[in-house]
Amino acid sequence: MKHIINLKGNKAYSWYSHENVLCIGYFFDTSHTLFSDFEAAKAIIDMRKTMSFEDILSHIQGIFTIIEISDNHISIITDSINYFPVFYLYYNQIWHITDSWNTLIETKSEININTQALIEYECAGFVLDNQTLDRNILKTKAWEQLTITEKGEYIRTKTGNFLPKSFLFEPIEQLQQKAYNVYNNVSKRLIDFLQNRTAVVPLSGGFDSRLIVSLLYAAQYKNVICFTYGKMNHEVPLSKQVAETLGYPWYFIDYTTIQLESLENSDIQTYLQSAAQGYSMPYLQEYYAVKELIRKQLIPSDSVFLPGHSGDYLGGSYINKTIEAQLIFEEIPAHIESKYFYFKKKSRYEKIHLQERIALTLDKNKHTIIQNKYNPIIEDWDIQEKLSKFIFHSSYVFNYFGYQHYFPLWDSELVNFYRKVPYEYRKNKILYDIVAEQYYFKPQHISFQNNELIVKKHDILFQKIKDSIRYFFPWRIVLQRMIQADWMHYAYITKDMQLFIQQKTGKSFTHFKTFNAIICKWYSLIITNK
């Protein structure tokens with residue numbers, strides 16, 4: 001089988017090979033033994049002697065991509081979020097396989113713009129399914145086994161999902177105890193992964209990052225550093241108080257006082273190109289904070305970053321906004337289009353295109369339980385599309401600077417537990433918040449009662465009203481309100497991008513709903529003008 005495999009890894013994670021298997025990342029097996037680097041590749045070889053990949057995936061958890069090379073085919077297996085995507089291109093009768101989208105562009109010496117994918121990218125910050133912004137280059141997807149054949153064909157097989165097969169219909173008191181037991185196991189795996197290295201926690205005023213430092217504190221882990229970034233806002237004092245109460249060092253990186261490098265800087269250009277990878281928005285949110293921590297020598301070189309991604313999602317924070325929908329299958333694409341693809345004002349053509357593309361990513365034959373008015377298919381779609389490609393992918397910023405990361409709140413045991421929790425206990429994060437408060441925050445004196453950042457039902461309703469009428473207001477008023485709520489300092493951070501967009505299009509970029517739209521528009525212009 002003719003193929004060229006060119007795997008680069010990144011500054012934090014490298015590819016390792018053993019016999020016919022290549023592996024990147026890490027995983028725990030069912031006995032909670034951690035495997036990484038060469039030992040991970042060797043373990044896969046050993047398991048393959050008696051197990052199929054489907055069986056192996058039921059016995060390991062972590063972030064990883066596995067490649068197995070055979071005489072007449074190549075198999076690529078991804079984790080539940082496809083953190084290490086692999087790109088593939090059949091070009092000149094040869095399969096080109098790499099973890100760098102830009103490498104395949106160089107192989108072809110041209111970009112064949114995927115105009116349909118550009119719409120998705122500019123409206124949501126990611127490209128749907130296995131597509132990229134080049135119509136000939138494809139990528140792996142979360143929970144997938146990809147088989148590439150010598151005939152130039154490929155077969156995609158789903159290996160998992162978030163669809164509940166049953167629910168834990170038990171008193172909430174019993175669910176609280178079960179959740180606490182799961183968190184104890186999550187904590188043990190976290191400590192095993194850290195191996196006495198410094199845990200660096202991006203600490204906000206919310207529950208997710210606070211729960212992570214609370215788990216560390218409960219496990220008596222001392223080697224912890226916390227930091228908060230952006231502009232001074234109501235979350236900063238809360239995060240500072242949490243860190244100080246637990247006795248952990250805390251730093252605030254004020255984006256209004258540090259030197260934010262220009263878009264013309266070669267380092268930030270390199271980061272943006274390598275982070276985007278032709279399918280996802282490159283995050284700038286933590287870039288300057290990490291760089292400042294390094295410049296001031298505030299974190300050791302072997303630090304491990306612990307972002308709080310997905311905690312509130314598992315808890316149920318999005319259920320009111322997206323999952324709580326009594327829809328027949330045919331109505332789901334329009335619902336997803338309106339809830340997830342909102343970065344900018346869309347034309348009728350764009351809405352229709354998005355709905356058609358979303359429909360192709362939904363499996364009508366999925367078997368699940370529709371509990372009352374909640375639709376699990378939407379949640380499963382969210383995890384495999386937005387959560388994996390947009391949210392989790394944002395942690396590449398840590399890898400870019402050479403730091404490993406770990407997702408404590410996407411531990412498989414925790415994921416499987418919350419998948420079975422009835423929606424009535426996940427809605428408004430009822431169970432999630434009770435467990436965090438009662439078992440961790442209150443005993444550790446980091447519960448702030450009335451000062452907590454809790455989204456209430458009327459807040460969600462008010463936001464829906466604002467979203468429906470925002471385009472009827474003059475743009476300058478809408479922009480002014482966005483800047484007032486811009487705790488990330490994104491209006492300033494993206495000003496060079498806005499100028500670039502104006503120079504390339506001949507007009508100002510307006511009528512967007514988030515400053516992320518500017519980053520996406522900038523990147524789409526960068527690649528279309530190569």
Go through the steps for R426 and E379 under the test salt bridge (Lys or Arg N to Asp or Glu O under 4.0 Å), then give the verdict.
CA-CA 12 Å; R426 288 184 63 210; E379 192 167 32; 2.5 Å; yes

Tell me the side chain to side chain donor-acceptor pair (under 3.5 Å) pairs involving residues 99-116, sequence neighbours left out?
W15-D99, S100-T103, W101-T132, K108-N112, K108-D134, N114-Q131, Q116-Y349, Q116-H353

Just checking, is any N or O donor in the side chain of [X] or [Y] under 3.5 Å from an acceptor N or O on the other one?
X    : Y    : value
N265 : S262 : no
D267 : Y287 : yes
D208 : Y432 : yes
Y288 : H489 : no
T140 : N82  : yes
K139 : Q277 : no

Rounded distance [0.5 Å steps], NZ in K291 versus CZ in F401:
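Separation between the atoms: 5.5 Å.
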
For residues [X] and [Y], establish whether the separation of their ring centroids is below 6.0 Å.
X    : Y    : answer
F407 : H405 : yes
Y26  : Y406 : yes
Y313 : Y318 : yes
Y283 : F390 : yes

Measuring only between side-chain heavy atoms, which start at C-beta, is [X] closer than 4.5 Å to [Y]?
X    : Y    : value
L57  : W143 : no
W410 : L387 : yes
K141 : T78  : no
T159 : I77  : no
L362 : I377 : yes
L146 : V86  : no

Counting neighbours of CD on E264 that are heavy atoms of other residues, nucleotides or ligands and sit closer than 6.0 Å, is the number greater than 12?
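Open: at most 12 neighbouring heavy atoms sit under 6.0 Å from CD of E264.
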
For the student: nearest non-hydrogen atoms of [X] and [Y], plus distance:
X    : Y    : answer
P202 : S209 : O-CB, 3.3 Å
I74  : I5   : CD1-CD1, 4.2 Å
I212 : P307 : CD1-O, 3.5 Å

Under a 4.0 Å N-O cut-off, is there an ion pair linking K42 with E39?
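Salt bridge flag = no for E39 with K42.
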
Ionic contact status for R48 with E19, cut-off 4.0 Å:
no

Y403 and side chain to side chain contact (heavy atoms under 4.5 Å, CB included): which single residue from I299, V200, V304 fits?
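With Y403 as partner, I299, V200, V304 yield a single side chain to side chain contact (heavy atoms under 4.5 Å, CB included), made by I299.
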
Hey, which of M281, K344, K521, M488 is the one that makes side chain to side chain contact (heavy atoms under 4.5 Å, CB included) with N516?
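Only one of M281, K344, K521, M488 forms a side chain to side chain contact (heavy atoms under 4.5 Å, CB included) with N516, namely M281.
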
Would S52 and D55 count as a side-chain hydrogen bond (donor to acceptor under 3.5 Å, both in side chains) here? Give the steps.
CA-CA 5 Å; S52 67; D55 291 333; 3.2 Å; yes

With sequence neighbours excluded, residues passing side chain to side chain contact (heavy atoms under 4.5 Å, CB included) with I4
I94, H96

Let's go through D382 and Y340 carefully: what are the C-alpha distance in whole Å and the side-chain angles of both, what is the deciding distance for side-chain hydrogen bond (donor to acceptor under 3.5 Å, both in side chains) to 0.1 Å, and is it a yes or a no?
CA-CA 9 Å; D382 192 341; Y340 291 88; 2.7 Å; yes

Please step through side-chain hydrogen bond (donor to acceptor under 3.5 Å, both in side chains) for the pair Y490 and Q285, ending with a clear verdict.
CA-CA 8 Å; Y490 253 21; Q285 188 165 306; 4.7 Å; no

